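Here is the structure we will look at, set down as structure tokens.
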Amino acid sequence: MEFIMFPLIFVGLIVLLSSFFTVKQQTVVVVERFGKFLSLRNSGLHLKIPVVDRIAGRVNLRIQQLDVIIETKTKDNVFVKMKVSVQFKVLQEKAYEAFYKLEYPHDQITSYVFDVVRAEVPKLKLDDVFERKDDIAVAVKRELNEAMTTYGYDIINTLITDIDPDIQVKNAMNRINAADREKTAAEYEAEAGRIRIVAKAKAEAESKRLQGQGIADQRREIARGLVESVDVLNKVGINSQEASALIVVTQHYDTLQAIGADANSNLILLPNSPQAGSDMLNNMVASFSASNQVGEMMKKGNIKKGAKKHQKDEFGTEEESEEV
């Protein structure tokens, strides 16, 4: 009897222990009795009848993610591969529908994603696909929510995580982008060149203005010095014509001296003969004398013309007085 009791007790302990089971957090256990749904058990320690009741399955209530890769065509006939990430979870109050109504929920979600993406992307050009990927994600989420809520699934979010066109299309887009950037760089370089040219022109204009002002000041000072020199020479009995000629000759010899002092100078001043100074002085004195005579004759002619005009005016006035 003892040999029989020990196995029975051992079997009884195993059966008793198998009657207890635990459920993890964010998990729901489906219990069936003779193949028929009995209850849903939440997290904690639970008891079931051995042999009669069994755990049919466990439903995960945590947020899950399904990545779907789709190849489709855009409006401008470019084939692209898109990666759509769907984040979803099972509603706790609809764990029964999620467990019994769908055998392969991932396949069902994938089918809906394919259907929506292949309906939306062909309406857009490739550039618009990149710009409006959020609109595509919203459309996928809306379609999935309408379809999957019935089966106890809640779509948390959908994300377009990757858009991968054909390699040749990507190379063409890169070349277009590079050309556009080179065009922009050329425009900026041209603008910079224009600014440099304008600034250089302004600087040259300012330099010439200052240079002209300096030359004018220099000539003004030279003229003032000449006037002072003529005054000094007049005081010692040299008239203005002789003084001016003497100053010019002096400047002529000063220029010759300055040219001779520079060993690298290529300038030749003509005339440069020994008698050039004397000839220049005589010529200048003669020209000044002739100009003075012409000036005096013009003054006398103007005086005579003024006198005749004055006589005519007086005579005309007398005739008008007689007529009156």
Side-chain angles (χ1 to χ4, degrees), residues 63-88 109-146 155-222 258-259 262-267:
I63 296 176
Q64 305 175 59
Q65 178 168 308
L66 175 64
D67 294 329
V68 182
I69 298 177
I70 310 162
E71 185 175 13
T72 184
K73 186 186 75 168
T74 62
K75 187 176 181 179
D76 47 354
N77 297 322
V78 178
F79 282 90
V80 294
K81 287 184 179 180
M82 302 179 64
K83 183 178 180 181
V84 182
S85 298
V86 181
Q87 298 173 350
F88 64 95
I109 293 173
T110 301
S111 299
Y112 277 107
V113 172
F114 267 83
D115 182 66
V116 175
V117 171
R118 287 183 172 174
E120 294 292 330
V121 173
K123 300 177 184 178
L124 305 173
K125 294 183 178 180
L126 181 60
D127 293 339
D128 296 334
V129 171
F130 283 93
E131 294 176 2
R132 300 179 58 183
K133 67 183 185 66
D134 292 338
D135 296 338
I136 300 173
V138 170
V140 173
K141 180 181 178 182
R142 181 176 61 251
E143 187 70 19
L144 285 175
N145 267 327
E146 292 176 359
I155 307 301
I156 305 299
N157 203 359
T158 56
L159 304 171
I160 308 295
T161 56
D162 189 22
I163 301 175
D164 187 18
D166 185 79
I167 184 64
Q168 295 181 355
V169 176
K170 288 197 291 186
N171 292 336
M173 293 175 67
N174 290 333
R175 289 197 300 270
I176 292 172
N177 187 39
D180 185 62
R181 292 184 180 275
E182 289 177 359
K183 176 183 175 183
T184 303
E187 291 176 354
Y188 278 111
E189 289 177 358
E191 181 65 17
R194 186 189 69 82
I195 293 173
R196 286 194 293 267
I197 292 172
V198 171
K200 183 179 180 181
K202 289 182 178 179
E204 289 179 355
E206 181 67 15
S207 175
K208 291 182 181 300
R209 186 186 68 82
L210 295 175
Q211 184 178 4
Q213 183 178 354
I215 292 173
D217 293 340
Q218 180 185 13
R219 289 177 178 175
R220 189 181 302 110
E221 293 299 324
I222 291 173
I259 295 173
D262 189 358
N264 297 322
S265 176
N266 296 323
L267 180 63

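All heavy atoms count here, side chains included; hydrogens, waters and symmetry mates do not. Quick caveat: nothing in here was measured; it's all calculated off a predicted structure.
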Donor-acceptor under 3.5 Å (Thr158 side chain, Val86 main chain): no

To the closest 0.5 Å, what do you measure between NZ (Lys202) and CZ (Arg209)? 14.0 Å

With a 4.5 Å limit on heavy-atom distance, are the side chains of Leu159 and Gln87 in contact? yes

Quick check: do Asp67 and Gln65 have side-chain heavy atoms less than 4.5 Å from each other? yes

Are side-chain heavy atoms of Lys141 and Leu144 found at a separation under 4.5 Å? no

Would you check if Arg194 and Ile197 make a side-chain contact, meaning some heavy-atom pair closer than 4.5 Å? no

Determine the sole option in Val78, Thr74, Ile160, Asp76 for which the side-chain contact (heavy atoms from CB on, under 4.5 Å) test with Val129 is passed. Thr74

Of all heavy-atom pairs linking Ile70 and Arg118, the shortest is CG2-NE, 3.8 Å

Could you go through the side chain to side chain contact (heavy atoms under 4.5 Å, CB included) check for Arg181 and Asn177 one step at a time? CA-CA 6 Å; Arg181 292 184 180 275; Asn177 187 39; 3.4 Å; yes

With no hydrogens and no angle check, is any side-chain donor or acceptor of Asp166 less than 3.5 Å from a backbone partner on Phe79? no

Close side-chain approach of Glu120 and Leu124, heavy atoms under 4.5 Å: no

Salt bridge (Lys or Arg N to Asp or Glu O under 4.0 Å) between Lys183 and Asp180, intermediate numbers included: CA-CA 5 Å; Lys183 176 183 175 183; Asp180 185 62; 5.6 Å; no

Given side chain to side chain contact (heavy atoms under 4.5 Å, CB included), test Thr72 with Val80 step by step and report yes or no. CA-CA 6 Å; Thr72 184; Val80 294; 4.1 Å; yes

Verify, without hydrogens or angle tests, whether Thr161 (side chain) and Lys83 (backbone) share a donor-acceptor contact under 3.5 angstrom. yes

Just checking Gln168: does its CD atom have more than 12 heavy atoms from other residues, nucleotides or ligands closer to it than 6.0 angstrom? no

